[in-house]
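Just so we're on the same page: letters track the sequence lines, and every chain starts at 1.
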There are 2 protein chains.
Amino acid sequence: MSKGFTTKETILKTAFELTSKFGLESLSIGELAKSVGMSKSGLFSHFKSKEKLQLMVMDYAAENFTLKVVKPALTKGRGIDRIEAMMENWVKWSGTYLPGGCPFLSAIVEFDDRPGAVRDHIKVLQGTMVETFARSVEIAKEESQIKSSASSEQLAYELYSNMIGFHIYNRLLKDKNAKVKFQNLYKSILEKVQV
Amino acid sequence: MSKGFTTKETILKTAFELTSKFGLESLSIGELAKSVGMSKSGLFSHFKSKEKLQLMVMDYAAENFTLKVVKPALTKGRGIDRIEAMMENWVKWSGTYLPGGCPFLSAIVEFDDRPGAVRDHIKVLQGTMVETFARSVEIAKEESQIKSSASSEQLAYELYSNMIGFHIYNRLLKDKNAKVKFQNLYKSILEKVQV
DNA sequence: AATATAATAGCACGACCGTTCGGTTTGGAT
DNA sequence: ATCCAAACCGAACGGTCGTGCTATTATATT
């Protein structure tokens with residue numbers, strides 16, 4: 001019971017890193033086994049199919065995101081501070097913590113045209129992530145820090161778009177001012193609706 | 001001379017569509033040959049390597065983007081009208097013209113961690129695309145429609161992020177209001193700096 | 001119409017893919 | 001110390017991948 005759990009965790013951690021670097025699609029069982037240092041079949045027996053592995057990697061990534069981005073922001077008070085903390089945590093996550101690109105983004109673009117369990121799962125995970133943003137905006141509205149007329153769905157969309165934009169500017173274009181642009185945008189997004 | 005050119009164009013068109021649906025990475029020569037209706041080796045001889053094929057597909061996509069998004073907007077007058085036309089053309093391109101997702105976006109996330117000719121090429125193409133946006137903002141500044149204090153680089157970033165955000169909301173999350181959110185954002189981005 | 005050249009097909013190659021199976025090693029409970 | 005189940009390995013399977021090679025067919029030029 002214990003041993004199996006430990007190695008499975010090790011596998012998922014390595015798989016998470018490989019996915020960040022090369023995408024969920026290119027994550028091959030043979031290569032993963034080599035990275036972990038065990039046999040292909042030994043690794044495979046932990047997951048009964050590649051699809052199940054992919055699903056678990058996405059869950060691992062989601063937990064990681066919650067742990068590194070969402071949870072630390074909860075120590076901040078309810079309102080705009082918390083939203084800004086989540087934005088800054090995201091920059092750190094995307095820019096320094098991850099060994100490669102955002103595992104969700106690659107999964108999204110790789111699977112949004114392939115119907116199946118993986119696609120459905122990513123959709124759910126990204127949906128809850130967007131809802132988390134929308135909820136934090138709602139809280140800021142309850143605290144009278146954001147105009148009650150503002151749409152939390154719209155704001156969540158704007159914050160989300162900014163995150164993806166930063167990621168591409170930072171990773172592909174290697175824009176040195178990507179972080180500043182990101183901060184400028186989320187601040188002006190919030191200013192616009194601030195009471 | 002003529003025949004070769006025609007079939008090569010046919011191949012690239014099909015490859016462009018397959019890339020839109022499944023990504024540049026998953027574009028396999030065998031599958032592409034089957035779609036076009038010719039033999040694997042016959043198709044392969046047109047491109048001396050898979051990498052060259054990928055580069056040409058990206059060029060094809062860039063031409064297509066220019067043709068469908070940038071060029072039609074040039075009929076509009078210099079200034080904000082033209083910027084808004086490009087935004088609307090992009091929605092049409094991304095939402096209705098393409099058979100799948102944005103071929104650039106998939107290429108970006110698939111290759112931003114794989115050094116090589118493909119990565120370098122995408123970087124150049126996306127760079128010029130962003131510069132096109134920045135340039136159209138510059139023009140609007142020359143026409144005194146946008147404050148001269150506004151940073152065209154910053155605005156290009158904001159417009160670009162919005163485009164990617166829309167794409168994900170529309171394709172993965174299947175948000176029915178994605179287009180409205182997109183329009184709201186680019187309008188508020190432009191309003192903010194309008195003279 | 002003859003000829004040179006481009007375009008395409010067929011076949012084979014080594015490598016890797018996900019998956020299965022039979023056997024071996026290992027760890028924890030009795 | 002014994003025993004059983006869990007963990008792991010090695011080898012092999014049918015497929016697909018990109019890429020050569022040789023031969024054949026179609027096209028363009030003279």
What is the distance, rounded to the nearest whole Å, between atom CG of Leu18(B) and atom P of dC17(D)?
12 Å

Given dC17(D), dG18(D), dG18(C), the nucleotide with the shortest approach to the side chain of Phe44(A)
dG18(C)

Rounded to whole angstrom units, what separation is found between the CD atom of Glu9(B) and the C1' atom of dA7(C)?
17 Å

Report the distance from atom CD of Glu31(B) to atom C1' of dG15(D), rounded to the nearest whole Å.
12 Å

Hey, does the side chain of Ser39(B) come within less than 4.0 Å of dG10(C)'s phosphate (OP1/OP2), counting only N and O?
no

What I want to check is whether an N or O donor and acceptor connect the side chain of Lys40(B) with the base of dG10(C) at under 3.5 Å.
no

Specify whether Phe133(A) and Phe65(A) have parallel, tilted or perpendicular ring planes, treating 30° as the upper limit for parallel and 60° as the lower limit for perpendicular.
perpendicular

Given the rule in the side-chain contact (heavy atoms from CB on, under 4.5 Å) test, do Val69(A) and Asn64(A) qualify, once you have shown the distances and angles that lead to the verdict?
CA-CA 8 Å; Val69(A) 177; Asn64(A) 195 271; over 6 Å; no

Applying a strict under-4.5 Å side-chain criterion to I, L, V, M, F, W and Y, I'd like to know whether Ile139(A) and Leu159(A) cluster together.
no

Compare side-chain N and O positions of Ser45(A) against OP1 and OP2 of dA6(D) and report whether any pair is under 4.0 Å apart.
no

Could you tell me the separation between the CE atom of Met38(A) and the P atom of dT24(C), rounded to a whole number of Å?
19 Å

NA contact type, Leu27(B), heavy-atom cut-off 4.0 Å: base, sugar-phosphate, or nothing?
sugar-phosphate

CG of Leu43(A) versus P of dA7(D): gap in Å, rounded?
13 Å

Describe, in one word, how the ring planes of Tyr186(B) and Phe182(B) are oriented to each other, choosing from parallel (under 30°), tilted (30 to 60°) and perpendicular (over 60°).
perpendicular

For atom NZ of Lys34(B) and atom P of dA9(C), their distance in whole Å:
14 Å

Spacing between Lys50(B) atom NZ and dA15(C) atom C1', to the nearest angstrom
14 Å

Taking only side-chain N and O atoms of His46(A), does any of them lie within less than 4.0 angstrom of OP1 or OP2 on dC8(D)?
yes

Whole-Å distance between dA7(C) P and Ile11(B) CD1?
10 Å

Closest listed nucleotide, where the reference is the side chain of Ser41(A) and the choices are dT19(C), dC8(D), dC9(D)
dC9(D)

Would you find more than 12 non-hydrogen atoms of other residues, nucleotides or ligands less than 6.0 Å from Lys174(B) atom NZ?
yes

